[in-house]
Amino acid sequence: MISIIIPTFNREKYLIRALASLGAQNFSPDKFEILILDNNSTDGTKTASEKFIARNNRHQIRYILETEPGLLSGRHRGALEAQGDILIFIDDDIEADVNWLQALADSFTDTTVQLVGGRNLPKYEIEPPKWIEWFWCPHPYGRFCGYLSLLDFGSEIREISANYVWGLNFSIRKKALFELGGFHPDCLPSHLQHFQGDGETGLTRQANKLGYRAIYQPRALVFHHITKERLTPEYFEKRFFYQGICDSYTQIRESQGKLNKKNLQERVKAALLGLKDTLLIASGRIKLSEKQKLHRKFNKAYRKGYEFHQSAVRNNPKLLEWVLKKDYWDYTLPQL
């Protein structure tokens, strides 16, 4: 049995498309289940889910309400409720190719494989601006754009670092998920950002350390809906800020609770250099390209996110305890 777990929050329009793509799979309905984890949505998510269940009575589908905020609550509740030995976590804004599930099932026939990632291609709402190309990173197998969760490593099955198995198209043996300690906090509302963690990254880093085998399966193809709002500098600025928080969380856990003591010195140095550059730019002695301007803006947002989290943890011992938790299976946000 395979369990597909879809955490969702207030994205009824996209969820309907994701569910439709799952209902159209070239795979026997009696071999998989779909778990819809509603993170306390206030739109029509519940009604849309119930209609989908009614229309697809040959499929095994469950709607589960999970009120604890954040992506982690849906992921872990789904894992605990799942009947399958293989768990597939997807985002609610993807559409899966009709052969996606068969490709993943085929991948796990090799008992040495513990994690499987796929090809994640864009489905843009509007024509993307040219500067988006600056954020695609080359790789020996192809290329990827982490800030939009896009990855294309070509048409061959390849052994990869588990860090390239991304949350929108993330498959893992259930036994391995529990052995690795599960996921870390992720995708919290803005007023709860101090509780943010590094999502699936902590799990995949641990998988790499322990030698768990991960593969890229090109036929496990999903299309990721990229809204027009995500194709703006404002979105990327927020995304870089968020990444700074995630990386601070990772650094604290990897150092077993030691905050980055160099942070203050680096902040002062960066501020002085930034002031010098600002004066030179204002005087016309330095002219920045559009690419350089965007990178400076986004890197500044990243540093702000990193410093925000470091400061929050430094000032609250309970938050440090949260960051250093062994695992988050008893996921409830603490009262600080």
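All residue numbers refer to positions in the sequence shown, counting from 1.
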Would you say the side-chain atoms of [X] and [Y] include a donor-acceptor pair closer than 3.5 Å?
| X | Y | answer |
| --- | --- | --- |
| His184 | Asp198 | yes |
| Tyr306 | Asp247 | no |
| Thr204 | Asn163 | yes |
| Thr45 | Glu12 | no |
| Glu125 | Thr227 | no |
| Tyr242 | Asp186 | yes |
| Asp106 | Gln102 | yes |
| Arg314 | His309 | no |
| Asn169 | Trp100 | yes |
| Gln292 | Arg296 | no |

Taking all atoms of both residues into account, what is the closest heavy-atom pair of [X] and [Y], and its distance?
| X | Y | result |
| --- | --- | --- |
| Phe52 | Ile61 | CE2-CD1, 3.4 Å |
| Phe27 | Ala105 | CE1-CB, 3.6 Å |
| Ala176 | Tyr212 | CB-CE2, 3.7 Å |
| Asn208 | Ser161 | ND2-OG, 3.1 Å |
| Arg253 | Val323 | NH1-O, 2.6 Å |

Taking the hydrophobic residues Ile, Leu, Val, Met, Phe, Trp and Tyr, and joining any pair whose side-chain heavy atoms are under 4.5 Å apart, which ones share a cluster with [X]?
| X | result |
| --- | --- |
| Leu71 | none |
| Ile245 | Phe241, Phe308 |
| Met1 | none |

Side-chain heavy atoms under 4.5 angstrom apart, residues restricted to Ile, Leu, Val, Met, Phe, Trp, Tyr: same cluster for [X] and [Y]?
| X | Y | result |
| --- | --- | --- |
| Ile16 | Ile53 | no |
| Phe108 | Leu177 | yes |
| Phe223 | Tyr216 | no |
| Leu324 | Leu319 | yes |
| Leu168 | Ile5 | yes |

Salt bridge between [X] and [Y], side-chain N to carboxylate O under 4.0 Å?
| X | Y | answer |
| --- | --- | --- |
| Glu254 | Arg205 | yes |
| Arg219 | Asp97 | no |
| Lys13 | Asp93 | no |

- Task: With ring pair (Phe, Tyr, Trp, His ring centres under 6.0 Å) as the test, would you mind laying out the steps for Phe240 and His295 before giving the verdict?
- Result: CA-CA 10 Å; Phe240 271 76; His295 276 287; 7.6 Å; no
- Would you please test Phe135 and Phe298 for ring pair (Phe, Tyr, Trp, His ring centres under 6.0 Å) and show each step? CA-CA 11 Å; Phe135 295 93; Phe298 299 154; 5.6 Å; yes
Would you give the length of the straight line joining atom [atom1] of [X] to atom [atom2] of [Y], rounded to the nearest 0.5 angstrom?
| X | Y | atom1 | atom2 | value |
| --- | --- | --- | --- | --- |
| Phe32 | Leu104 | CZ | CG | 11.5 Å |
| Phe236 | Gln243 | CZ | CD | 12.0 Å |
| Leu221 | Glu95 | CG | CD | 11.0 Å |
| Leu121 | Leu150 | CG | CG | 7.5 Å |
| Asn316 | Ser311 | CG | OG | 10.5 Å |
| Ile64 | Asp38 | CD1 | CG | 10.5 Å |

Just to verify, what does [X] make a side chain to side chain donor-acceptor pair (under 3.5 Å) with, not counting sequence neighbours?
| X | value |
| --- | --- |
| Asp30 | Ser28 |
| Ser21 | none |
| Asn99 | Asn26 |
| Glu234 | none |

- Restricting to pairs with a member in residues 47-61, which pass side-chain hydrogen bond (donor to acceptor under 3.5 Å, both in side chains), not counting sequence neighbours?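 side-chain hydrogen bond (donor to acceptor under 3.5 Å, both in side chains) check on residues 47-61 returns Lys46-Glu50.
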- Tell me, which pairs form a side-chain hydrogen bond (donor to acceptor under 3.5 Å, both in side chains) where one or both residues lie in residues 133-156, sequence neighbours left out?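 Passing the test, one end in residues 133-156: Arg119-Asp152, Glu133-Arg143.
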- side chain to side chain contact (heavy atoms under 4.5 Å, CB included) between Asn39 and Ser73: does it pass, once the steps are laid out? CA-CA 8 Å; Asn39 199 197; Ser73 60; 3.5 Å; yes
- Go through the structure and list residues passing salt bridge (Lys or Arg N to Asp or Glu O under 4.0 Å) with Lys175, not counting sequence neighbours.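 Counting only residues at least two positions away or on another chain, Lys175 forms a salt bridge (Lys or Arg N to Asp or Glu O under 4.0 Å) with Glu179.
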- Task: List in chain and number order the residues that pass salt bridge (Lys or Arg N to Asp or Glu O under 4.0 Å) with Lys130, two or more places apart in sequence or in another chain; answer none if no residue qualifies.
- Result: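 If we apply the salt bridge (Lys or Arg N to Asp or Glu O under 4.0 Å) test to Lys130, skipping adjacent residues, there are no hits.
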Other residues, nucleotides, ligands: >12 heavy atoms within 6.0 Å of [X] [atom1]:
| X | atom1 | value |
| --- | --- | --- |
| Lys297 | NZ | yes |
| Lys304 | NZ | no |
| Lys174 | NZ | yes |
| Gln256 | CD | no |

- Phe153 and Tyr164 aromatic ring geometry - parallel, tilted or perpendicular at 30°/60° bounds: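 Ring orientation, 0 to 90° scale: perpendicular.
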- Can you label the angle between the His225 ring and the Tyr14 ring as parallel, tilted or perpendicular, going by 30° and 60°?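 Judged by the thresholds at 30° and 60°, the geometry between His225 and Tyr14 is tilted.
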- Would you say the side chain of Tyr328 lies within less than 4.5 Å of the side chain of Trp322, judging by non-hydrogen atoms?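 Counting from C-beta outward, Trp322 and Tyr328 do come under 4.5 Å.
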- Is any side-chain heavy atom of Ile94 closer than 4.5 Å to a side-chain heavy atom of Asn120?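 No, every pair of side-chain atoms sits at 4.5 Å or beyond.
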- Between Arg75 and Phe183, is NZ or CZ placed under 6.0 angstrom from the six-membered ring centre and within 45° of the ring axis?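 Judged by the rule, Arg75 and Phe183 form a cation-pi pair.
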Only pairs under 3.5 Å count here: list side-chain donor-acceptor contacts from residues 77-91, not counting sequence neighbours, and write none if there are none.
unit_1 : atom_1 : unit_2 : atom_2 : d
Arg77  : NE     : Glu81  : OE2    : 3.0
Arg77  : NH1    : Leu65  : O      : 3.3
Arg77  : NH1    : Glu66  : OE1    : 3.0
Arg77  : NH2    : Glu81  : OE2    : 3.3
Glu81  : OE1    : Arg62  : NH1    : 3.4
Gln83  : NE2    : Glu81  : O      : 3.4

